[in-house]
Amino acid sequence: MEEKQKNIDQVMHDRMKEMKVETMYDRYQAQLPQCGYGSLALCCRHCNYGPCNIDPFGKGPKKGICGADANTFAARHFLRMSGAGTACHSDHGRAVAHLLVATARGEAPGYRIKDVDKLMMVAECFGIKTKDRKINEIAEEVGEMALMEFGKPYGTLLFLKRAPEARQKIWEKIGIASRAIDREVCESFHRTGIGGDQDYRNLTKQAMRVALADGWGGSMIATELQDILFGTPKPVQGRSSMGVLKKDFVNLIVHGHEPQLAEAVVLASSDPEVTKAVLATGAKGVVVAGLCCTANELLVRHGIPMAGHMTMQEPAISTGVVELMVVDIQCVMQAIVETAKHFHTKIVTTLSKAKIFGAEHVEFSDEHAIEAAKKILFMAIENYKNRDNKKVFIPGGAEPNIVAGFSHETIKYMLGGRFRASYRPLNDNIINGRIRGVVGIAGCTSPKIGLGETSYVNLAKELIANDILVVATGCAAGQCADGGLMIPEMKDVCGAGLKEVCEAVGIPPVLHSGACVDNSRILIAVSEMAKEGGLGNDISDLPVAGVCLEWMSEKAIAIGQYFVASGVYTVFGTNSPVAGAPDMQRLLTSEMEELVGATWDFEKDFKKIARMVMDHIEKKRDALGINVKKERKLYDMAERRALERECKPTPGGHH
Ligand code: MSK
């Protein structure tokens with residue numbers, strides 16, 4: 001399976017090279033060597049005294065013109081990244097809250113309240129009265145309250161209350177309980193301007209407060225309200241590979257992040273007028289496939305096929321069968337307009353806040369979503385006749401079937417035993433050592449890793465072989481899906497304990513929990529594990545960890561920072577964003593332990609990361625007193641060979 005993933009990437013790249021289609025790998029090469037000051041966070045251009053550089057090694061300047069030192073440079077960058085990442089997820093959350101209000105008021109035809117239980121749960125969390133009230137009335141108030149979370153003048157975020165009490169006390173004690181979401185983002189940018197906050201420790205605390213406003217604020221609002229509107233994910237079968245695109249069909253790719261556009265396109269695609277128009281072209285039907293986090297959203301809720309993760313946006317167009325790629329926001333590369341010029345593909349933007357020069361634009365709104373979706377579908381259908389069959393190339397191979405849709409509610413339900421949904425059986429299995437711990441694998445895919453590499457797949461295989469349950473989100477989940485890890489049959493490459501649990505419950509050992517915004521689901525899962533008892537009182541007591549190997553977006557930094565501030569040890573691959581500032585680096589990788597009971601780690605060598613995470617899990621198990629010696633599994637030769645084959649290193653890469 002590993003070979004297959006590598007082949008698709010490489011085969012597509014070769015094909016693009018042959019056709020003289022530029023790729024992100026070409027542009028990455030053209031950027032090398034990348035700016036050393038920038039890579040080390042030692043370039044500041046926050047004011048026009050600069051740009052100022054700090055020389056970390058030689059006799060060059062050690063301060064900017066204003067006197068700011070390396071730690072201030074790096075901490076300001078780190079806070080701005082955390083703030084920008086929070087802004088992305090949160091503006092997404094705000095759009096969903098607006099949609100919920102519009103739906104409740106009957107102003108958004110095509111949408112409806114799908115998960116009333118979740119609506120009630122959120123209403124209760126917000127302190128909203130539900131007794132003897134109409135669903136739409138409650139939904140409207142939930143939406144309004146969610147919108148207030150962005151700008152309320154007093155108090156702290158309501159969802160912070162969902163964390164274990166011990167965690168809430170830490171946040172209060174060190175002053176990082178987030179207030180309104182917009183306030184935290186605004187204050188972060190205020191503090192990082194010239195002459196603002198110039199204490200790297202204080203800046204890092206604000207980075208925690210703004211990141212918590214993402215995880216427990218904007219992202220959580222997005223996830224929960226999307227579940228109310230589109231349904232809470234439940235196990236669903238899907239497919240993931242570029243092979244989901246079909247030669248004889250009109251292919252439309254939905255790319256970006258906010259599911260309201262994708263949901264409308266899916267709904268409109270079954271309209272009889274659309275079907276009639278498709279058949280009139282001679283095509284057999286229309287394929288709507290997702291890409292990037294839009295794909296994750298559609299997959300976990302509906303099993304809609306996934307064409308690929310972030311770095312596959314150019315190759316997907318280069319199959320030559322994509323009539324139209326419609327995008328909303330985040331992780332959409334400007335380059336796709338150029339890629340599309342080599343083919344007949346139309347690129348369509350949909351939000352006034354995210355246009356791309358050279359793309360066509362169809363404005364999307366909650367009120368006219370279905371109309372806009374239909375217009376986009378007709379544009380794709382109309383474009384089918386322009387396809388050049390000589391340019392068609394869909395990489396072969398079977399499309400891996402996957403089982404996705406593991407919201408924290410589903411995990412609780414599936415692992416909850418016969419009588420009620422509960423985290424008790426999961427905690428018990430951790431205590432008895434069948435499962436050593438849980439690792440959340442989240443984040444981006446990056447050309448820095450090398451073409452065709454499958455770092456997340458390799459890491460996940462190593463973890464499950466050692467009895468660690470993996471929960472994946474974002475593009476990391478996309479890669480694991482492509483790598484065939486999200487099927488119950490993968491129990492056979494697990495350690496004996498995890499295999500037993502997966503077999504008993506019927507789940508894959510790598511659980512797809514959704515998009516990057518859905519890391520908030522992981523926060524709730526670990527909170528519930530801590531509250532369930534037997535594994536300490538706080539998230540930081542649990543044998544759990546977070547990993548992002550190929551981080552790219554500022555959103556990834558915000559996610560990492562809210563994981564750590566919530567008590568989850570988190571390892572990032574490639575490079576540290578504060579590498580040029582030793583005190584700042586030490587603060588993140590060691591001194592944060594004292595503040596929040598967890599730290600960051602940064603490690604270039606991917607082979608080491610699995611070991612670091614497993615060591616951390618064992619350390620937590622020791623502290624909990626649950627590390628009863630594990631019976632050693634004695635593999636026979638055939639089993640060992642099979643395991644080695646499955647987990648073998650990828651040649652030429654980090655593994
Ligand atoms: S899309 S933020 S590359 S996970 Fe959510 Fe993927 Fe990272 Fe974008």
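Counting starts at 1 for both ligands and their atoms, following the listed order.
- The existence of a salt bridge linking Glu187 and Arg209 is confirmed by a sub-4.0 Å separation between a basic side-chain nitrogen and an acidic carboxylate oxygen.
- Salt-bridge check for Arg521 with Asp518: passed, with a basic side-chain N closer than 4.0 Å to an acidic carboxylate O.
- Defined by atom type and a distance below 3.5 Å, a donor-acceptor pair is missing between the side-chain atoms of Thr445 and Gln479.
- Ion pairing of Glu323 with Lys346 is absent here, as no side-chain N (NZ or NE/NH1/NH2) approaches a carboxylate O to less than 4.0 Å.
- Residues satisfying the ring-ring contact (aromatic ring centres under 6.0 Å, His included) test with His616, not counting sequence neighbours, are Tyr569.
- In this structure, of Lys555, Glu297, His257, Glu550, the residue bringing a heavy atom nearest to atom 1 (S) of ligand 1 is His257.
- Salt-bridge check for Arg27 with Glu314: passed, with a basic side-chain N closer than 4.0 Å to an acidic carboxylate O.
- Less than 2.8 Å away from atom 6 (Fe) of ligand 1, the protein contributes these N/O/S atoms: Cys475 SG.
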